[in-house]
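Just so you know, these numbers come straight off a predicted model, no measurement behind them. In what follows, chains carry the letters A, B, and so on, assigned in the order in which the sequence lines appear, proteins first and then strands, with residues in each chain numbered from 1.
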Amino acid sequence: MSIELKNVDYIYDSGEPFEYFALRGISLHIDDGAFVGVVGRTGSGKSTLVEHLNGLLFSTRGDVIVDSDIVRNERAVLAKTRRRVGIVFQYPEDQFFAETIFEEVAFGCRNYGFSKEQVEESVHKAMNTVGLDPERFLPLSPFQLSGGEQRRVAIASVIAMGQKYIVLDEPTAGLDSGSKLAVLTELESLRQTANVTVILVSHNMDEVAEFCKEVVVLDEGTVTFQGSTDAFFRDAELVERTGLELPESYRLARALKECGSTLAVNEGSTDRMLDSLRLCVSDLGGA
Amino acid sequence: MIRLDKVSYQIETSAGAVQVLRDIDLELPDGSISAIVGPNGSGKSTLARLVSGLLRPTSGSVRLLPDGDNQTVADVRPGLDVGLVFQNPDNQLVATTVEDDIAFGLENLELPHAEMVRRVGDVLHLLGLEQFRDYPPHRLSGGQKQKVAIAGVLAMKPSFLILDEATSLLDPTNRREVRQTVLRLNSELGIGIVIVTHLLDEVLVASRVGVLAHGALAAWDSPRAVFSDPAVVELGGLVLPLSARASFLMRERWTDFPLCLTPEEFARATCQLN
Ligand SMILES: Nc1ncnc2c1ncn2[C@@H]1O[C@H](COP(=O)(O)OP(=O)(O)O)[C@@H](O)[C@H]1O
Ligand SMILES: Nc1ncnc2c1ncn2[C@@H]1O[C@H](COP(=O)(O)OP(=O)(O)O)[C@@H](O)[C@H]1O
Ligand SMILES: [Mg+2]
Ligand SMILES: [Mg+2]
């Protein structure tokens with residue numbers, strides 16, 4: 001099972017004088033259980049792309065295939081697709097409507113016909129996953145919260161539905177560093193324990209290097225790179241050309257090389273980098 | 001400078017009173033760059049609104065006083081003394097062209113027409129937005145929109161500019177552009193800057209960092225001092241930069257290895273060992 005895009009084009013306002021070619025010839029394959037980053041400058045087509053994955057937008061040409069079903073604007077297919085793919089939109093808090101956080105988070109579960117007990121359980125679990133104390137927060141109005149708290153409620157309301165593909169469109173923009181790390185770590189553990197596939201749209205290259213094994217890089221509606229995150233960040237010129245920046249570990253390795261240090265460290269995740277540094281230091285210690 | 005004396009802020013909710021900020025003492029010197037950090041919900045935006053005069057403290061005072069003069073104190077006039085820029089540029093732009101948007105705040109000042117035109121022209125020039133004068137704001141990139149929002153605030157000629165997570169929705173290129181613009185406003189015009197942020201790059205440009213935790217000021221110190229104290233880092237919802245964690249690791253062998261906050265500093269310190 002997987003998500004696949006075959007030669008997808010998307011044109012906004014197709015046929016109108018102001019039509020806009022937002023995606024061109026996108027082909028992609030996302031395996032079950034992957035943690036994939038989608039990166040690229042503002043306007044490169046990231047949101048347009050991910051909105052195809054659960055049938056919010058339909059390709060102008062080409063196919064979007066989720067678990068071997070082609071996503072089409074037909075009731076049965078759409079219901080199946082949305083049961084499989086959940087999306088946390090960009091600035092999701094703009095769409096809050098319920099009087100309490102409980103109602104906000106429970107909404108999707110109710111739509112899928114969860115029993116009363118299942119709703120209760122899913123809502124509590126999802127709140128814990130995003131680090132909000134259910135006892136304290138569930139009775140409050142979502143409109144009372146600070147921006148970062150609202151973002152976490154929005155993430156909880158998608159996680160609660162238990163879909164196997166979770167797409168998050170810039171979910172950490174505006175979160176404090178501690179919550180950012182906590183939310184992504186929880187998503188990683190959902191991936192490991194429940195084999196959830198995570199598709200993360202992000203402008204934060206440090207979190208992409210830390211959590212995503214693969215990346216899809218978009219530039220003006222086309223895929224300019226798809227493959228291992230490490231291979232992408234090793235190509236500093238491509239990173240620059242696509243309007244992005246190097247994660248700290250890659251900048252650190254490069255700065256060490258440039259000043260001729262004998263410390264050779266591994267880029268990538270924080271642990272990988274610090275482990276290699278620890279080894280270097282103890283080697284030097286022996287000398 | 002702007003001086004906060006024992007500032008507290010309380011809101012009434014259906015569940016009773018909530019103390020959002022408690023006994024905040026702060027001095028923001030003219031022309032200085034400060035950062036405010038803290039976990040989501042710690043009170044940063046509330047503090048930003050208090051400093052800019054949009055909210056009044058429940059107790060304590062927020063006052064403007066000329067540097068070196070403790071006699072002439074005044075209340076902060078929102079917009080005029082302190083301009084505030086928010087996170088989402090789409091919620092701040094109201095008019096149909098960039099020019100009208102920048103003029104919008106000025107309309108209320110009852111300035112002579114010529115003065116208004118001059119001010120709009122000045123800020124367009126200052127922020128490099130001249131070519132977009134007649135553009136509809138929605139056709140601009142996120143970074144450009146945020147610069148238009150900054151321009152609108154600057155046209156009021158405030159002596160301080162507060163950016164409340166103003167770059168957090170931007171991509172890396174736009175973020176860098178806005179940051180450089182703000183630093184230039186500080187160095188060229190002497191505008192005092194307060195940056196509310198979660199981003200390390202933005203904390204590091206400040207000479208002082210205020211760390212808010214549960215509505216109280218847990219620290220008010222240099223970035224290096226803040227990152228040297230694990231308790232403050234934790235309270236502030238911060239994460240140590242990788243370079244700092246690498247520095248601590250180096251200290252296990254070289255006990256006087258400095259605390260480095262950027263890769264470049266770390267590389268330099270490392271090469272001085274050899
Ligand atoms: N509803 C729309 N109508 C017309 N053009 C749009 C619409 N939404 C997005 N676009 C355009 O499509 C391009 C890609 O947008 P988007 O997918 O939102 O990019 P990203 O998420 O990478 O910032 C942009 O140039 C944007 O202006
Ligand atoms: N109008 C309000 N009603 C209820 N609670 C509020 C209101 N405004 C702010 N708060 C609460 O005050 C705290 C601080 O909010 P805020 O200043 O926005 O924090 P920050 O900007 O650091 O995320 C939060 O816990 C928030 O929920
Ligand atoms: Mg987007
Ligand atoms: Mg805030």
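- With a threshold of 4.5 angstrom between heavy atoms, A/E170 approaches chain B through side-chain atoms but not through N, CA, C or O.
- Only the backbone of B/L170 comes within less than 4.5 Å of a heavy atom of chain A; no side-chain atom from C-beta onward does.
- Remark: the backbone N or O of A/G243 is paired with a side-chain donor or acceptor of B/T173 at under 3.5 angstrom.
- Annotation for B/E12: atom CD counts as buried by contact number, over 12 foreign heavy atoms lying within 6.0 Å.
- Here the CE atom belonging to B/M250 is positioned 9.0 Å from the SG atom belonging to A/C280, to the nearest 0.5 angstrom.
- Between A/R278 and B/L249 the shortest heavy-atom distance is CA-CD2, 3.7 Å.
- The candidate from B/R175, B/R245, B/E264, B/Q87 with the greatest count of non-hydrogen atom pairs under 4.5 Å with chain A is B/R245.
- The distance from the CG atom of A/L263 to the CG atom of B/L273 is 8.0 Å, given to the nearest 0.5 Å.
- Contact annotation for A/L181: only side-chain heavy atoms (C-beta onward) come within less than 4.5 Å of a heavy atom of chain B.
- Counting heavy-atom neighbours within 6.0 Å of A/E220 CD, excluding the residue itself, gives a total of 12 or less.
- Shown here is A/E19, whose CD atom has more than 12 heavy atoms of other residues, nucleotides or ligands within 6.0 Å.
- If you tally non-hydrogen atom pairs under 4.5 Å between each of B/E234, B/E252, B/H198 and chain A, the highest count goes to B/H198.
- Contacts between residues 245-259 of chain A and chain B, defined by a heavy-atom separation under 4.5 Å, are made by A/E245, A/E248, A/S249, A/R251, A/L252, A/A255, A/L256, A/C259.
- Atoms OG1 and CG, from B/T13 and A/L140 in turn, are 8.0 Å apart once rounded to the nearest 0.5 Å.
- Between A/L277 atom CG and B/L242 atom CG the span is 9.0 Å, to the nearest 0.5 Å.
- For A/F21, the CZ atom sits in a packed shell: over 12 heavy atoms of surrounding residues, nucleotides or ligands are nearer than 6.0 Å.
- The number of heavy-atom neighbours closer than 6.0 Å to CD of A/E240, taken from other residues, nucleotides and ligands shown, is 12 or below.
- Between the side chain of B/N40 and the backbone N or O of A/D176 there is at least one donor-acceptor pair closer than 3.5 Å.
- Under a cut-off of 6.0 angstrom, the local environment of CZ in B/R56 is sparse, with at most 12 non-hydrogen atoms contributed by other residues, nucleotides or ligands.
- Near-neighbour residues of residues 35-46 of chain A relative to chain B, defined by a heavy atom under 4.5 Å from a heavy atom of that chain, comprise A/R41, A/T42.
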